[in-house]
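Below is one structure; the comments refer to it alone.
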Amino acid sequence: MVQEEGRQITVRILRGEGVKTQEVEYQVAVEPGWVVLDVVLHIQARMAPDLAVRWNCKAAKCGSCSAEVNGKPRLMCKTRLDDLDLTKPVVVHPIKTFPRIKDLVTDVSWNFEVNKKIQPFTPKKDAAFIYFQEDIDRVQEMRKCIECFLCQNVCHVLRNREQYQRFVGPRFFVRLAGLEMHPLDDADRLKQIEEDGIFLCNITKCCTHVCPEDIHITDNAIIPLKERVIDKSYSFWNWVLQPFSSK
Amino acid sequence: MEQNIAVGKQGWLGTARRDTWWVEPLLILVGLSAFGIYSTYSAVFWDYHFEIGPYLSPFYEPLLVFDWWPFSPAILILWIPLGFRTTCYYYRGAYWRSFFANPPACAVTGWEGKNYAGEAKFPIFVLNFHRYFMYAALLLNVMLWVGAVRSYWWQGELGIGLGSIILTINAFLLMMYSLGCHSLRHLVGGKLDCFSCSSCARTRKRIWDYITRWNEHHKFWAWVSLIWVAFTDFYVRMVSSGVFNDPNTWSNFPRP
């Protein structure tokens with residue numbers, strides 16, 4: 001056994017293709033200030049050149065290096081080793097909800113297909129494109145999304161219930177909220193939002209907890225959308241006043 | 001050095017998490033169960049110990065006594081906070097986790113399988129009508145403030161007792177919980193797309209900003225108000241049954 005200089009830690013990475021997987025354990029000498037992605041790239045460079053991992057910016061802005069570190073969905077580049085208990089092996093798994101391609105790389109293309117179905121920003125024909133910051137604050141929060149899909153991964157409606165056909169997931173409710181609340185957007189989206197499974201969400205807030213951009217997904221996107229759908233389709237007052245309203 | 005380790009499938013409550021993820025759902029389970037048992041006991045097994053002097057238990061505020069109603073007057077009131085809290089967006093997340101393991105915690109395997117309707121089908125769909133319980137709860141908040149103010153008057157004499165302070169804190173905490181409600185936040189301003197388009201919308205935005213601030217701590221207000229309302233009822237019950245003596249300024253405060 002060859003050991004490197006520096007503090008030795010044990011890292012276990014789930015490796016394999018498709019459903020054939022096993023954890024492979026590595027002994028790694030780490031340096032101060034490293035994040036989990038540093039360790040994984042170190043292993044790839046020195047010990048396992050065939051280790052598959054997706055990453056780009058290493059600055060928590062591209063959303064590529066999503067994984068489950070010690071069971072928690074996180075960006076590997078934003079997970080510092082000194083925040084982990086290094087007396088036990090650091091366990092790195094790929095995100096669970098999407099099919100594994102190889103090692104830590106999963107196929108998240110389902111999300112891109114869902115995204116295509118969303119009607120893009122649809123301004124009024126005579127929109128002046130002048131609005132105040134207070135009108136756009138809510139929308140800008142939704143635009144912070146880096147599409148790491150950690151929220152999609154942790155949401156039990158997808159993760160455990162596999163409702164891929166009936167539920168677009170928190171990431172796309174964030175996008176829909178940004179469009180629905182936009183002061184210049186003119187599309188009628190609420191019927192589609194209901195069909196996209198907004199009521200399958202049971203508010204357990206895991207999406208919010210894992211969001212690396214600190215978007216308040218549940219409180220600022222999903223719940224406001226639920227309330228708007230209730231307003232539109234299930235409001236008692238609308239039901240009472242419907243016979244008197246002009247079409 | 002490499003070493004290969006086989007990984008089994010994660011079953012119910014399975015997770016690779018190492019933290020004590022089960023503590024929070026367990027505490028919620030215990031806390032909500034304890035409150036449910038205590039409040040049911042206090043409301044259903046009423047023995048006239050809900051009132052003494054100027055103090056009326058918040059479970060019974062406003063006191064509704066009718067000849068045609070042979071049961072506890074609390075039942076005529078408690079459906080409002082029960083409905084308000086059951087349909088509350090915070091509590092929904094809490095009890096879906098703690099009581100139904102759906103899921104038990106983030107990245108912990110709960111019930112699996114595609115037979116899932118979430119909150120989309122009747123009767124669970126009723127949870128989405130939170131706003132109607134909110135209207136009633138706001139009205140009840142006003143009544144609780146009336147009760148709190150009334151607790152400073154006894155037989156025409158202005159005074160103060162420990163019970164008055166407890167009832168006032170109770171009204172304040174329940175008000176803060178109610179004013180941070182997600183449905184109220186939506187109805188006040190959240191439903192608007194443009195906050196700057198009219199003076200009315202700008203005013204609504206200002207109120208929405210306040211409610212947003214309170215809403216960010218909805219969980220805190222939910223728990224503090226829940227614990228305090230039970231404590232308030234307990235205090236009134238203990239004073240009324242003679243276990244505690246309420247320190248107050250009234251010379252003619254009734255002694256049970």
Side-chain angles (χ1 to χ4, degrees), chain A residues 1-3 12 14-15 21-27 47-48 68 70-73 85 88 91 93 96 131-132 134-135 153-154 156-157 159-163 167 180-185 197-206 209-210 216 218-219 223-224 226-231 234 236, chain B residues 1-7 10 15-19 21 89-94 96-97 100 102-103 105-121 124-125 127-132 182-183 185-187 190-197 202 205 209 212 215-216 218:
Chain A
M1 183 180 89
V2 179
Q3 287 206 335
R12 286 186 191 159
L14 193 69
R15 299 204 54 186
T21 57
Q22 61 183 352
E23 279 182 353
V24 181
E25 191 170 285
Y26 302 93
Q27 304 290 331
M47 303 175 189
E68 300 193 3
N70 290 345
K72 287 188 172 180
D85 177 7
K88 294 175 183 168
V91 178
H93 285 200
K96 182 188 172 187
Y131 39 78
F132 291 90
E134 66 194 38
D135 293 323
N153 172 56
V154 80
H156 76 113
V157 182
R159 187 182 178 98
N160 300 131
R161 300 297 193 162
E162 301 173 27
Q163 301 288 319
F167 186 69
E180 167 63 22
M181 293 173 188
H182 198 292
L184 299 181
D185 187 80
I198 189 80
F199 291 119
L200 293 185
C201 168
N202 63 346
I203 330 283
T204 45
K205 281 198 172 180
C206 290
H209 295 319
V210 300
H216 293 205
T218 320
D219 291 315
I223 293 173
K226 279 193 176 209
E227 289 289 329
R228 286 181 181 225
V229 173
I230 292 289
D231 257 358
Y234 301 98
F236 173 75
Chain B
M1 188 184 81
E2 286 188 14
Q3 184 183 344
N4 296 345
I5 301 159
V7 178
Q10 287 175 355
T15 183
R17 283 179 62 170
R18 298 217 187 108
D19 57 336
W21 60 265
Y89 285 102
Y90 164 68
Y91 282 112
R92 274 149 74 176
W96 278 123
R97 283 191 193 194
F100 300 98
N102 200 11
C106 303
V108 177
T109 307
W111 302 108
E112 293 186 288
K114 296 182 179 178
N115 184 20
Y116 174 78
E119 298 178 343
K121 285 188 179 170
I124 305 294
F125 188 73
L127 295 177
N128 293 298
F129 296 118
H130 182 47
R131 59 186 62 183
Y132 300 111
H182 290 84
S183 286
R185 182 176 178 237
H186 166 75
L187 293 166
K191 65 196 297 183
L192 299 175
D193 285 344
C194 181
F195 287 137
S196 63
C197 292
R202 281 190 289 274
K205 165 72 164 62
D209 282 339
T212 298
N215 176 264
E216 284 168 2
H218 203 40

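To find a chain, count down the sequence lines: A is the first, B the second, and so on, and within it residues start at 1. Please read all numbers here as calculations on a predicted model, not as lab measurements.
- Interface check for chain A: of the options B:Asp193, B:Asn215, B:Ile124, the most heavy-atom pairs under 4.5 Å are formed by B:Asp193.
- In terms of heavy atoms, A:Cys201 sits closest to B:Glu119 at O-OE1, 3.6 Å.
- With respect to the salt-bridge test (charged N to carboxylate O, under 4.0 angstrom), the residues A:Glu227 and B:Arg185 do not qualify.
- Of all the heavy atoms in B:Ala105 and A:Cys206, the pair that sits closest is C-SG, 4.4 Å.
- When all heavy atoms are compared, the tightest approach of A:Thr204 to B:Asn102 is CG2-O, 4.0 Å.
- Contact annotation for A:Tyr234: both backbone and side-chain heavy atoms come within less than 4.5 Å of a heavy atom of chain B.
- A:Glu134 touches chain B through backbone and side chain together, each having a heavy atom under 4.5 Å away.
- In terms of non-hydrogen atom pairs under 4.5 Å with chain A, the most contact-rich of B:His182, B:Lys121, B:Arg131 is B:Arg131.
- Between chain A and the residues B:Ala120, B:Gly113, B:Cys197, B:Cys194, the most heavy-atom pairs under 4.5 angstrom are made by B:Gly113.
- With a 4.5 angstrom heavy-atom cutoff, B:Trp21 does not touch chain A via any of its atoms.
- Looking at B:Leu192, the atoms closer than 4.5 Å to chain A (heavy atoms on both sides) all sit in the backbone: N, CA, C or O.
- For a residue to count as touching a neighbouring chain, one of its non-hydrogen atoms must lie under 4.5 Å from one of that chain's; by this rule B:Lys191 touches chain A with backbone and side chain alike.
- Using a 4.5 Å cut-off between heavy atoms, B:Tyr90 makes no contact with chain A at all.
- Heavy atoms of B:Asp209 lying under 4.5 Å from chain A are absent altogether.
- Side chain to side chain, B:His218 and A:Asp219 fail the donor-acceptor criterion of an N or O pair below 3.5 Å.
- Closest approach of A:Pro224 and B:His186 over heavy atoms only: O-ND1, 4.3 Å.
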